[in-house]
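Each residue takes its place number in the sequence, starting with 1. Below, each value reflects all heavy atoms present in this structure, side chains not excepted, and no hydrogens, waters or symmetry copies.
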Amino acid sequence: MSPPFVFPSSLQDLERDTDGDGDDEPSLRPQNPIAVAVLRAADLEEFVKGVSFDLSDKELFCIEEQEVFDGIYSVVRDFNCLPPALKFNLVETLRSNLSVLLPNIDSLSRASMSSPSDATPITDRIASHRNALKIYSFFLLSITLTQESAAGNCTGAKVTAHGRKKNPVYAWNWEAQRGRIMNLIANSLEADLSLLFGPGGTDERYLSFVSKCTFVLFENQNVLKDDDTKNGLCRIIGAIATKHQRISQISASILHLIHKFDFAVPHLAETVASAEKKFGDGSLAISLIREIGRTDPKDYARDNAGADNVGRFLVELADRLPKLMSTNVGVLIPHFGGESYKIRNALVGVLGKLAAKAFKDVEGDSNARLRSKQAMLEILIERCRDVSAYTRSRVLQVWAELCEENSISIGLWNEVASVASGRLEDKSAIVRKSALQLLITMLQHNPFGPQLRILTFEATLEKYKEKLQGMEPSNSNKDEATNDCSPGEVILGQDESVSDSCLASSQDQNDHDATIVDITNLEQIRALVASLEAGLRFSKCITSLMPTLVQLLASSSATDVENSILLLMRCRQFQIEGSEAALRKMLPLVFSQDKSIYEAVESAFITIYTKKTPTETAKSLLNLAIDCSIGDLAALESLVSSLVSKAEISSSTVSALWDYFCFNINGVKPVQSRGALSILCMAAKSSPAILGTHLQDIVDIGFGRWAKEEPLLARTACLALQRLSEEDKSKLINTSSRVFAALQSLITSSSLPENIWYGAADKAIGTIYSLHPAPEIFATEIAKKSLSSVFSVLGTENVSNGDETQNDAFLSSVSPSKLSRFLFVISHIALNHLVYIETSVKKIQKQKRKNEKSQSTSEDIQSDVSKTSEAQGINAELGLGATIDITIESLAERAEKEIVCCSSEKNLIGHCGPFISFPELQASAMLALCKLMIIDAEFCEANLQILFTVAENSPSQIVRSNCTIALGDLAVRFPNLLEPWTEYIYARLRDPSASVRKNAVLVISHLILNDMMKVKGYIYEMAVRIEDEDERISSLAKLFFHELSKKGNNPIYNLLPDILGRLCNQHLKEETFCNIMQFLICSIKKDKQMEALVDKLCNRFAGVNDVRQWEYISYCLSQLTFTEKGLKKLIDNFKMFEHALSEDSVMNHFRSVTSKCKKFAKPELKAFIEEFEEKLSKVHEEKKEQEAITKNAEAHRQRMGSLDEFLVTKEVRESSGNSVEEETSEVFDPSADSRTEDKENTPERSDNTCTENCQTSTPFTESEDGGEEIQSAQPARKGTRSRAKKTSDPVLEDTADSAPARRATCSTRRQAR
């Protein structure tokens, strides 16, 4: 019989351990191993084949023979040196022998039970089987480890057949062999090994070696990708832990893997779950859960990666073993109080899995089951207020998962919705995102029906309540016991079924009132009423979110915007009130620079408005255009033109729009026709040919009788004519002469209302300059006709050539409305003529460049190139090439001046200048003046003083707004002229009118952000608008600073100290100042700028003595984000702000700085911060004490002065007193003299001694009678003045009868001394 095989710790140790187990009993060890690595290829092949043949030809137990054992050991030791074919032969032989051995173990077990008398042979056979099992397992696992180690060192796994082949031979299919080996080892462990190893259990070394190899393989991610190998490893771990009762060792190894290797987490959870299901024993899972629960929460706070892996493991385990986890989750709950948010996130996920899965199909007390589930859900609601944003976000995600699983009862539905609604205002973007997604999921899976209109719910609920009230009196006796129970109890018992049982009824009743009659069961009606009430609350909750969602559409976070749009679309699907109007607020977001936001808006627009039939799409688009504001129309135009270019708006939809415009559809109103034409104009921006097919319809309908019913139709028709292609414009001019007459009539007639005429005339004049071949001639006719319409029959000469008195008298009789229109026409013609001149100049220059290019290319190729280049050089030197450009520019400048300049005899607009000063037409006059100022620099400079005076002093806010807007245009055209007036432009931000302030913010934002005006010290005026009482202005100011922070190196960083200094002198409220500075500081992101700001702010303490400014500067410091370098700068500047630490408010701001720094500081830096904090507190206390001493000294000085006055007054009274007072003074004179002498002979005392004397003398003074009060004339006594005043009168009124008593008292006190 061969000696027993003892498992070594590794393959190499097998050869070194010659003494076996440390006992006297010998063990099977290699005696004569062969160095396989040095053998020649032929010898190596012969040797390996011989070993394989021995294993195959002999019986299974031949491996115990020393010679065979040595051969196998030699081959396995140098396994990497073998060619792939030999490796395959060896592994296949070992594996097949072990697979044959396992059934023999079962047959051996039956044989031992059937023939117990033949014990000795059975014992030998058992020993041989045990030895063979160990040896085969050992060598197979050793081969596996060796091969995996080699594969890890050389990923290509190339071997060379000893130089016979130059090309590398790739490795054999090891993955398949590895999977078979691991599953074979798992089979051996799952077999009944009690006969082989006896009642003491399986050999500890055997199990340790197998588990060690298994966990080593688990550390290799590539191994776990192979399903066969992974399943084998999982079976091995489960069998060792559960079947062989090695739970503690396996648990420790699993936890080690969880902490170190994140990729192993799901596989380990699968291992634990499969062990529980296969062996019906959850001991391993329970052990792991309890071990995790016993871990100190601080350990997880220190090991973030480990905490993350542990959390994922718990969630995976809860998903696979929900019932087992639900019975042991109590040991994990205390970790909710730990510092690691990752563990809290995991526990939230665990509770979500349990609430969804653990309480289904559970036998036992249903009430206990509901209570357990309710307790978990209450924890989830409580965790929505967790300090960590990650945990709050994770809780909301879990609630969304529960919604999808239909695991939230109706009784809890509205509470969850309320929590999610509140989280929409969370400061963290990830929480807001999760809250929006939760609300989307709740709408999608709501149990109340496909429509959530409040009015529908209220009407239906009222009907059922009436029916319920009608049924209750007739059944009062029967239902008395039921009524004693609260409705909440009834609903609680039906939480799982109300949503299902009543959903059909609540949906059908919207269309069929007969359902109300069909339900006759009182309990069903009560449940339905409760369900309807819950649905009504849910609908009101979602409806109340519309203002918040509109705010989120303006969020700087792209996820907020995208999910808000998705939620609004879902609300629109369920017909929530206000969702349609809120969705229109998303249109301006099409101009967002964030591509994801643009795509979200475009996708929502396509889903809402274009995913319909062509007619429905056309109707929805034109209705949208009718109701849009000016800003929304610009956004709509951008969207429509983009969708037309992408073919998202089909030609059928365009045809349907033309049908609406041309009144080809029954019931079309003029306003709908105008809306259809607006959409067609938008589509023509990307495809102008769309309008070319209906030119005559545009003229006939746009300027025909329908324009009188819909005044805006003519304006839209003008816009359509401007959008025509050049080919269509030429076609229109040649075929239709009526168009210009219609445009002239539109401008000069008074058929349109005044509020609409201005916009229509604006577009009409622009259309004339766009279409007419000689617009200046036609514009002159329009101006003359407009002038004649104003002054009726009289000509312009009578107006302009008469004296001023006649003119004034005549102008006073003219209608202000007509004159206002006339001023608009001439000013707008002047402005369009300026644009026309500039456009013409550009065309000439473009044609000139084109001619030069074509001339150069058409030159004879054979001409002398040198002569040509020489001639060009001479022309360049003489400047002949620039002469044409200079001529063009001078002509353009002359043409621009002639528009307004009155010196020209042919000038028409210049002669209209006197009308602008007419007092009753200030709004129109100033608008016209501004347009004329834009044209000519001299005219602008001459009238700037008037413009700024009117902008500041005009009583009309409309006039002030127009002037403010015009200032922006003038600053763009003539920046040098406006530069000295910058202060007055900023002054418009202080205007009492919100409209003027809003326009001023827009104008200044445009000028600064487009580099048309320098940012100067007056920028603090814009900063004040951040806290404007008008929310719109506040939002615009914030947007300005947000965009300004993106320019260059963030100008706000350089402006901040100056803004701080100027705001300190503006007498703002403290809250207003803090909000402004907090917003500005938050726009600074770079660490270097934050660090530099520390220096700048600390230096401001040096020259400031105002306590209020100390508070403001320290507040700004508290809002900075401190890096380690920034904190050191703050400490280095301690001397700068040391004197300000006496103020409590300043000290509180510095405390907030240190507390903020300590949150994320390293341990060594945290100690540094604590030392600085102690220094701050020490100096603060010292400053407070010094301040108190100074105040006490000042108070003492004042009291001493009062006491001196009192003594002088007293001496005067004593010298003029009566005899009784003289007698009294004789009694006290000796003591007073002695005290005076003592006082004179005593050197000066310190303040402390004086204070002590005051404290000891005070009781004595208070206990004496009035006549004794003179003795209080001692230095530095507190309260002397008040007491002297109170007792001075009784001294003067003393009589001779009272003198003996006083003398007795005085003598008694002297004796006591």
Side-chain angles (χ1 to χ4, degrees), residues 387-389 427-428 1023-1024 1026-1027 1056-1057 1059-1084 1087 1089-1162 1165-1192:
V387 295
S388 172
K427 63 181 181 181
S428 174
V1024 174
I1026 291 175
E1027 283 296 301
L1056 193 65
I1059 292 175
L1060 170 62
R1062 291 178 180 262
L1063 290 182
C1064 289
N1065 300 323
Q1066 293 300 309
H1067 305 290
L1068 300 173
K1069 294 181 181 178
E1070 183 177 356
E1071 182 182 1
T1072 301
F1073 174 86
C1074 293
N1075 291 339
I1076 293 172
M1077 296 308 298
Q1078 182 183 25
F1079 178 82
L1080 294 177
I1081 292 173
C1082 287
S1083 64
I1084 299 174
D1087 290 341
Q1089 292 181 345
M1090 284 287 185
E1091 293 162 4
L1093 276 178
V1094 175
D1095 274 336
K1096 292 184 178 182
L1097 293 176
C1098 289
N1099 290 333
R1100 281 195 164 265
F1101 279 104
V1104 175
N1105 293 321
D1106 185 10
V1107 174
R1108 189 181 184 191
Q1109 293 197 31
W1110 291 350
E1111 294 175 352
Y1112 285 168
I1113 298 171
S1114 59
Y1115 172 78
C1116 294
L1117 279 172
S1118 68
Q1119 296 304 307
L1120 298 179
T1121 302
F1122 281 87
T1123 60
E1124 183 175 352
K1125 188 176 179 181
L1127 182 62
K1128 290 180 179 179
K1129 283 192 174 185
L1130 179 67
I1131 297 173
D1132 293 340
N1133 287 300
F1134 181 78
K1135 290 295 182 182
M1136 294 289 184
F1137 55 82
E1138 181 180 8
H1139 62 282
L1141 293 176
S1142 58
E1143 295 298 323
D1144 291 335
S1145 56
V1146 176
M1147 186 62 192
N1148 289 335
H1149 290 317
F1150 277 98
R1151 286 196 181 104
S1152 68
V1153 170
T1154 55
S1155 62
K1156 188 192 300 183
C1157 292
K1158 284 195 294 186
K1159 284 184 179 178
F1160 306 103
K1162 298 177 182 177
L1165 183 60
K1166 188 174 291 187
F1168 193 55
I1169 297 171
E1170 291 174 353
E1171 181 181 350
F1172 175 60
E1173 192 172 16
E1174 292 176 1
K1175 184 178 180 181
L1176 288 173
S1177 301
K1178 182 180 178 181
V1179 173
H1180 175 64
E1181 295 299 330
E1182 290 176 357
K1183 294 290 182 183
K1184 294 292 287 184
E1185 290 178 4
Q1186 291 177 7
E1187 187 177 346
I1189 292 172
T1190 304
K1191 289 181 179 179
N1192 291 337

Between atom CD1 of Ile1169 and atom CD of Glu1124, what is the distance when rounded to the nearest 0.5 Å?
8.5 Å

Output all residues satisfying side chain to side chain contact (heavy atoms under 4.5 Å, CB included) with Ser1177, sequence neighbours left out; order by chain, then residue number.
Met1147

At their closest point, which heavy atom of Phe1079 faces which heavy atom of Ile1026, and how far apart are they?
CD2-CD1, 3.6 Å

Any idea which heavy atoms bring Ile1076 and Val1024 closest together, and the distance?
CD1-CA, 3.9 Å

Give me each pair satisfying salt bridge (Lys or Arg N to Asp or Glu O under 4.0 Å) with a member in residues 1062-1074, each pair once, sequence neighbours excluded.
Asp1058-Arg1062

For Gln1119, check side-chain hydrogen bond (donor to acceptor under 3.5 Å, both in side chains) against everything at least two apart and list the hits.
none

Can you tell if the side chain of Val1146 reaches within under 4.5 Å of the side chain of His1180, non-hydrogen atoms only?
no

Please check if the side chain of Lys1156 supplies one atom and the backbone of Leu1120 the other of a donor-acceptor pair under 3.5 Å.
yes

Excluding sequence neighbours, so at least two apart, what forms salt bridge (charged side-chain N to carboxylate O under 4.0 Å, His left out) with Asp1106?
none

Looking at residues at least two apart in the chain, or sitting in another chain, which of them share a side chain to side chain contact (heavy atoms under 4.5 Å, CB included) with Asn1148?
Arg1151

Using residues 1107-1115 as the side-chain source, report each donor-acceptor pair under 3.5 Å to any protein atom, sequence neighbours left out, with the distance given to one decimal.
| from | atom 1 | to | atom 2 | distance (Å) |
| --- | --- | --- | --- | --- |
| Arg1108 | NE | Tyr1112 | OH | 2.9 |
| Arg1108 | NH2 | Leu1068 | O | 2.4 |
| Arg1108 | NH2 | Tyr1112 | OH | 2.9 |
| Trp1110 | NE1 | Val1104 | O | 3.0 |
| Glu1111 | OE2 | Ser1145 | OG | 2.8 |
| Ser1114 | OG | Trp1110 | O | 2.9 |
| Ser1114 | OG | Glu1111 | O | 2.9 |
| Tyr1115 | OH | Cys1074 | O | 3.2 |

Taking side-chain hydrogen bond (donor to acceptor under 3.5 Å, both in side chains) as the test, write out the residues that go with Asn1099, two or more places apart.
none

Would you list the atom pairs, donor with acceptor, under 3.5 Å between side chains in residues 1126-1138 and any protein atom, with sequence neighbours excluded?
| from | atom 1 | to | atom 2 | distance (Å) |
| --- | --- | --- | --- | --- |
| Lys1129 | NZ | Asp1095 | OD2 | 3.4 |
| Asn1133 | ND2 | Asp1095 | OD1 | 2.7 |
| Asn1133 | ND2 | Lys1129 | O | 2.8 |

How about Phe1172 and Val1153: do any of their side-chain heavy atoms sit closer than 4.5 Å?
no

First locate atom SG of Cys1098, then atom CG of Leu1093, and finally report the distance between them rounded to the nearest 0.5 Å.
10.5 Å

Kindly write out the residues that satisfy side-chain hydrogen bond (donor to acceptor under 3.5 Å, both in side chains) with Thr1072, not counting sequence neighbours, or none if the list is empty.
none

Any heavy-atom pair between the side chains of His1139 and Phe1101 that's under 4.5 Å?
yes

Taking C-beta and beyond as the side chain, do Phe1150 and Thr1154 meet within less than 4.5 Å on heavy atoms?
no

Do the side chains of Leu1060 and Leu1097 get nearer than 4.5 Å, heavy atoms only?
yes

Could you give all pairs that pass the salt bridge (Lys or Arg N to Asp or Glu O under 4.0 Å) test and reach residues 1168-1182, with sequence neighbours left out?
Lys1158-Glu1173

Hits for side-chain hydrogen bond (donor to acceptor under 3.5 Å, both in side chains) against Asn1105, two or more places apart or cross-chain, chain-then-number order -> none

Test side chain to side chain contact (heavy atoms under 4.5 Å, CB included) applied to Thr1121 - qualifying residues, sequence neighbours left out:
Met1090

For residues Arg1100 and Pro1057, report the shortest heavy-atom separation together with the two atoms involved.
NH2-O, 2.9 Å

Of all the heavy-atom pairs spanning Ile1081 and Cys1116, show the shortest one and how long it is.
CD1-O, 3.6 Å

Does any part of the side chain of Leu1141, heavy atoms only, come nearer than 4.5 Å to the side chain of Leu1176, both counted from C-beta?
yes

